[in-house]
Amino acid sequence: MPLKTIDDFSIKQLHILDENGKVDPDLEPDLSEDDLKKLFQAMTLSRMADARMLNLQRQGRLGTIPVNKGQEAAFCAPILALKETDWFVGSYRELGARLMRGETLENSLLLFNGWEEGSVNENNDRTLPISIVLASQLPHAVGLAYASRYKEEKDTVVLAMFGDGATSEGDFHEALNFAAVLNAPVIFLCQNNQYAISTPLKIQTKSRTIAQKAIAYGIPGIQVDGNDALSVYQAVKEAVDRARADEGPTLIEAVTFRMLMHTTADDPTRYRSDDEVTAWEAKDPLVRFKAYLMKKGIWDEDLQKQLEKDCKAQIDAAVQAFESREPFAPDVPFDHVFGTKEDVIEAQRARFLARLGKEKEHGQN
Amino acid sequence: MAKINMVTSLNTALHDIMASDDTVLVMGEDVGVNGGVFRVTDGLYEKFGRKRVLDTPIAESAILGAAIGMAMAGLKPVVEMQFSGFSYLMMHQLEGNASRMRTRSRGQFTVPLVVRMPYGGGVRALEHHSESKEVYWAHTPGVKVVIPSSPANAGPLLTAAIQDPDPVVFMEPKRSYRSFKETVDKEKNTFAIGKAHVKETGKDITIISWGAMMRDTIKAVEAVKSKTGFQPEIIDLLTISPMDVDTIVASVKKTGRCVVVQEAQQSFGPASEIIAVINDQALMYLEAPVRRVTMYDVVMPLFAREQLYMPKVSDIDQAITETLNF
Ligand SMILES: Cc1ncc(C[n+]2csc(CCOP(=O)(O)OP(=O)(O)O)c2C)c(N)n1
């Protein structure tokens with residue numbers, strides 16, 4: 001018998017705004033002026049806060065941080081498609097997304113200065129803390145999504161973010177398969193920034209796209225221009241709508257670029273050329289989005305100046321609050337080991353506090 | 001002989017053994033072009049090429065699983081876990097296969113590989129980058145667990161681990177990577193897997209530690225010595241499993257007193273095992289209860305509080321003084 005084709009597959013790529021901010025009118029999403037401005041403000045705040053954090057780190061006023069520059073469209077635009085009651089399950093390189101979800105910049109600063117207290121999102125209890133173990137948060141997203149249907153929250157969806165490197169982990173594949181089989185309302189959004197520390201995408205996978213990995217799990221997959229906020233928004237919006245309608249999960253690959261170092265402990269000159277970075281500068285997501293807003297007649301240089309001033313004031317206030325804050329109590333870690341009071345732990349707390357008291361007496365730190 | 005730091009000691013050992021044994025290969029995340037995030041594999045890619053120095057996809061389970069296959073086929077893979085905090089993703093391969101293959105196949109298949117991983121606190125890092133979980137591996141029969149403490153023993157022990165016929169988890173105290181330098185005498189190597197190192201002999205008290213805590217322990221000993229003139233016997237454990245019971249027991253029989261210093265959480269750690277061994281074989285020689293200085297049983301705090309929780313020189317000093325005066 002001749003070989004038979006039993007299925008055909010293809011992967012689509014979505015581009016709405018070109019590099020000069022020119023929009024494809026047929027694809028332009030239906031977003032209000034307010035929403036467009038809100039998104040641009042969030043992207044700008046993210047860019048400026050990131051730069052300030054890098055600065056603080058270089059001055060020794062902050063610990064090691066992941067740096068976000070260049071990926072603002074890829075992580076901010078998806079949040080616009082969510083409701084507050086949806087879940088956000090991120091990794092660690094999506095500062096602007098977290099700020100949009102109600103996390104305070106002061107808390108981000110606290111976290112990256114070694115205080116677990118900074119992990120708390122006081123304004124939204126459906127945003128999980130950062131997840132550093134790559135892809136380990138993705139099965140959680142499936143569980144959250146399943147639980148929402150279990151509890152008959154018909155409307156809730158879960159947005160999960162991760163990097164290109166994370167797609168090599170078993171947890172990524174297991175989560176996609178699980179979500180597909182359980183028909184869980186999850187949007188898996190990969191920020192493909194081309195590098196996992198020094199490792200370029202071509203060492204991570206032989207697949208031409210990350211989006212096509214969806215095919216193997218029987219779910220929709222799409223690649224979008226991750227530096228175009230409109231493309232990212234549109235793809236996420238469609239996936240969110242499907243998930244809300246119980247039509248299952250989607251994998252979205254946002255193609256973007258990490259403009260700076262992996263973290264402040266990394267030296268990218270060891271593994272990539274300046275030319276490669278320069279080529280991506282022309283695709284800056286903020287420049288493009290601003291040009292679009294101006295062409296639409298809803299933005300101008302005065303508004304831009306005002307926005308930058310507001311962001312700076314907001315960042316200054318956060319840094320000031322962070323740096324003038326009284327330290328948290330030293331023994332808080334004992335509070336959170338278990339949900340029950342345990343003698344073993346309390347005995348150790350007593351010993352810890354006694355030692356601390358004695359050190360204070362002797363004038364040690 | 002030039003003085004070198006621990007990173008250079010490990011790096012030199014890898015260069016040397018790869019030059020002399022072409023069954024040795026290195027693999028892991030960012031170990032090639034980047035030379036590893038701590039630069040322990042620096043220069044290997046340039047010298048030995050992609051066939052022997054593999055930048056892998058981020059998949060700890062597959063990294064170890066593939067290494068097991070390579071090892072069973074006669075190669076000697078040296079695998080890097082970027083941080084010990086991410087090594088648990090390969091635990092089922094280590095516990096379920098690497099550790100058992102010799103037993104399962106009654107020796108027909110063996111798994112001579114090394115898993116290197118930086119571990120331990122004190123470097124102001126993010127979550128998962130500061131733990132000391134040597135006990136996870138040490139609790140697995142069939143896996144050897146080695147922890148160097150200084151440039152002088154790191155390179156020689158790594159070489160020994162690569163030459164060992166069994167899977168070795170080789171935990172590198174990252175706080176000590178670049179904090180001090182020593183000369184490394186390759187000709188007079190006395191370090192071996194399964195052998196503790198008696199750093200100083202004395203009659204008054206046995207003090208046992210390993211990894212980065214070794215330096216703090218020595219500082220504390222010097223402080224107490226200057227006050228009391230006591231003669232401590234200092235043991236650098238070096239191999240956690242299989243433990244060098246003879247060296248520990250002989251020392252405690254002589255001194256009658258012992259303090260164990262461990263960076264990890266208190267409960268169920270190597271210190272507990274050391275105390276059990278002393279209880280089994282040297283109880284009647286004891287003149288004081290054996291003390292342990294450890295971290296508390298909390299999730300390792302981030303760096304704003306880390307120093308408050310890790311064992312300090314003053315804690316060690318106090319434990320030694322109290323044990324001497326008991
Ligand atoms: C399970 C696991 N293995 C290794 C690491 C160490 N590590 C931290 S970030 C990183 C690269 C991740 O790359 P990618 O997923 O592309 O995300 P990006 O950092 O580029 O945003 C690695 C290997 C980790 N955090 N978790």
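Predicted model, so just to flag it, every value in this text is computed and none were measured. We name chains A, B, ... by the order of the sequence lines, and we start the count at 1 in each one.
Counting heavy-atom pairs under 4.5 Å between each of A:Thr199, A:Ile197, A:Asp171, A:Leu111 and chain B puts A:Ile197 at the top. The residue among A:Glu117, A:His336, A:His262 with the most heavy atom pairs within less than 4.5 Å of chain B is A:Glu117. Put simply, of B:Val298, B:Val33, B:Leu89, B:Leu126, the one with the most heavy-atom pairs under 4.5 Å next to chain A is B:Val298.
Between B:Tyr88 and B:Tyr136, a ring centre-to-centre spacing shorter than 6.0 Å is recorded. Between B:Tyr309 and A:Phe334, the ring centre distance stays below 6.0 Å. If you look at B:Phe303 and A:Phe112, their ring centroids are not closer than 6.0 Å.
Both the backbone and the side chain of A:Ile132 come within less than 4.5 Å of a heavy atom in chain B. If you measure heavy-atom distances from B:Glu306 to chain A, you find no contacts under 4.5 Å at all. Interface remark: A:Glu342 contributes no atoms to any contact with chain B (heavy atom separation under 4.5 Å). For A:Leu110, no part lies near chain B; criterion is any non-hydrogen pair under 4.5 Å. Residue B:Phe86 touches chain A through its side chain alone, counting heavy-atom pairs closer than 4.5 Å. Heavy-atom distances place no part of A:Phe172 under 4.5 Å from chain B, backbone and side chain included. Of the atoms belonging to A:Phe338, not a single heavy atom falls under 4.5 Å from chain B. Neither the backbone nor the side chain of A:Ala347 comes within less than 4.5 Å of any heavy atom in chain B. Interface remark: A:Arg349 contributes no atoms to any contact with chain B (heavy atom separation under 4.5 Å).
The closest side-chain donor-acceptor pair between B:Arg100 and B:Thr140, if any, does not fall under 3.5 angstrom. When only modelled atom types and interatomic distance are considered, A:Asn193 and A:Thr256 share no side-chain donor-acceptor pair under 3.5 Å. For the residue pair B:Thr321/B:Lys227, the side-chain donor-acceptor check at 3.5 Å is not satisfied. With 3.5 Å as the limit, one finds a donor-acceptor pair spanning the side chains of B:Thr8 and B:Asn5.
A cation-pi arrangement is present between A:Arg272 and A:Tyr195 under the rule of less than 6.0 angstrom and at most 45 degrees off the ring axis.
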